[in-house]
Amino acid sequence: GNSVTQMEGPVTLSEEAFLTINCTYTATGYPSLFWYVQYPGEGLQLLLKATKADDKGSNKGFEATYRKETTSFHLEKGSVQVSDSAVYFCALRSGGSYIPTFGRGTSLIVHP
Amino acid sequence: DVKVTQSSRYLVKRTGEKVFLECVQDMDHENMFWYRQDPGLGLRLIYFSYDVKMKEKGDIPEGYSVSREKKERFSLILESASTNQTSMYLCASSSTQGGSNQPQHFGDGTRLSIL
């Protein structure tokens, strides 16, 4: 079956630090990969996605590259802000299935 | 923009009550989902529906039922609420158009407390 593994949090950083949140996956077939973000008190929202190998998704300064050879989709940002404090979820969806597989989420706390 | 609206942000009910959580989406999506979110456990799928009147059990359906009488509306029902159903409930929808690269769209969640 499919699975997504994310690094456990919380990840605590100072403002303007570099961020990496690791995500690796196992999947049948050729999945699409997603990062979602959940701000305090809100639902999840799509941050970025990639649908094929070597694709790079990007949004709001965040980036992630679909690495088929290492089955990874790590989230990066060069300079985090306090407003980036949130929970980040890595997810995949394989062709033929309506149901995505989510990682457990990684909490990011950014201090001024 | 897709909007998924959950009827309540906060809800307090008593043990044994029948509880209804409502969700409406405005993008004509075929798929709708109910999750619960608990600290340390991530998102767990309760039920999903891929069409009107169609439903399938997710990972934790016990104690819950669902109803989808119209395409835009998906209701979660706690038949007899218990304290272990205190949680954050998230509704989501997604399209079947375009295959597996379609993301889910989430509501803001309902924080349900069972006393």
Side-chain angles (χ1 to χ4, degrees), chain A residues 1-10 21 23 25 27-53 55-57 59 62 64 66 73 86-107, chain B residues 1-10 21 23 25 27 29-51 54-61 74 88-111:
Chain A
N2 297 338
S3 68
V4 174
T5 302
Q6 289 181 237
M7 58 191 294
E8 289 200 21
I21 299 178
C23 171
Y25 67 90
T28 55
Y30 205 151
S32 294
L33 302 174
F34 306 86
W35 276 102
Y36 291 85
V37 58
Q38 184 180 32
Y39 298 105
E42 299 183 10
L44 282 69
Q45 56 185 271
L46 179 68
L47 181 59
L48 53 84
K49 70 177 185 181
T51 59
K52 60 183 188 294
D55 264 2
K56 179 185 284 188
N59 187 23
F62 291 89
Y66 189 143
F73 192 52
V87 181
Y88 293 81
F89 290 88
C90 185
L92 69 83
R93 188 176 163 191
S94 287
S97 172
Y98 300 133
I99 304 172
T101 301
F102 285 89
R104 289 202 171 184
T106 301
S107 175
Chain B
D1 268 359
V2 176
K3 188 143 182 76
V4 179
T5 303
Q6 294 185 232
S7 53
S8 305
R9 292 297 301 272
Y10 301 93
L21 303 183
C23 175
Q25 51 96 1
M27 279 300 293
H29 283 170
E30 296 82 4
N31 305 320
M32 296 190 74
F33 307 80
W34 276 107
Y35 295 91
R36 63 178 283 176
Q37 183 179 20
D38 300 289
L41 297 179
L43 295 176
R44 291 182 292 168
L45 182 65
I46 304 171
Y47 268 97
F48 87 100
S49 169
Y50 54 91
D51 202 350
M54 306 304 290
K55 61 187 178 185
E56 288 198 19
K57 294 179 180 179
D59 300 317
I60 52 163
F74 193 36
M88 169 71 93
Y89 289 87
L90 292 168
C91 176
S93 71
S94 69
S95 173
T96 56
Q97 307 301 315
S100 66
N101 63 3
Q102 295 304 307
Q104 288 188 311
H105 301 266
F106 285 82
D108 281 338
T110 296
R111 188 164 291 283

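Residue numbering restarts at 1 for every chain, and letters A, B, ... go by the order of the sequence lines.
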Check whether A:F34 gets within reach of chain B through its side chain, its backbone, both or neither, counting any heavy atom under 4.5 Å. side chain
If one checks every heavy atom of B:R111 against chain A at 4.5 Å, the contacting part turns out to be neither
Could you look at A:Q6 and say if it's the side chain, the backbone, both or neither that has a heavy atom under 4.5 Å from chain B? neither
Min side-chain heavy-atom separation B:Q104-B:L90 under 4.5 Å: no
Check the angle between the aromatic planes of B:H29 and B:H105 and answer parallel, tilted or perpendicular using the 30° and 60° thresholds. tilted
Return the orientation label for the A:F102 and B:Y35 ring planes: parallel under 30°, perpendicular over 60°, tilted otherwise. perpendicular
Could you tell me which portion of B:S49 (side chain, backbone, both or neither) has an atom closer than 4.5 angstrom to a non-hydrogen atom of chain A? neither
Part of A:S94 within contact of chain B (heavy atom distance under 4.5 Å): backbone
Chain A contact via B:E56 - side chain, backbone, both or neither, heavy atoms under 4.5 Å: neither
Applying ring-ring contact (aromatic ring centres under 6.0 Å, His included) to A:Y25 and not counting sequence neighbours gives none
Find the one option among B:G109, B:G42, B:A92, B:P103 whose heavy-atom pairs under 4.5 Å with chain A are most numerous. B:P103
Region of A:I99 in contact with chain B, defined by heavy-atom distances below 4.5 Å: both
Chain B contacts, top residue of A:K49, A:R93, A:E42 (heavy-atom pairs, under 4.5 Å): A:R93
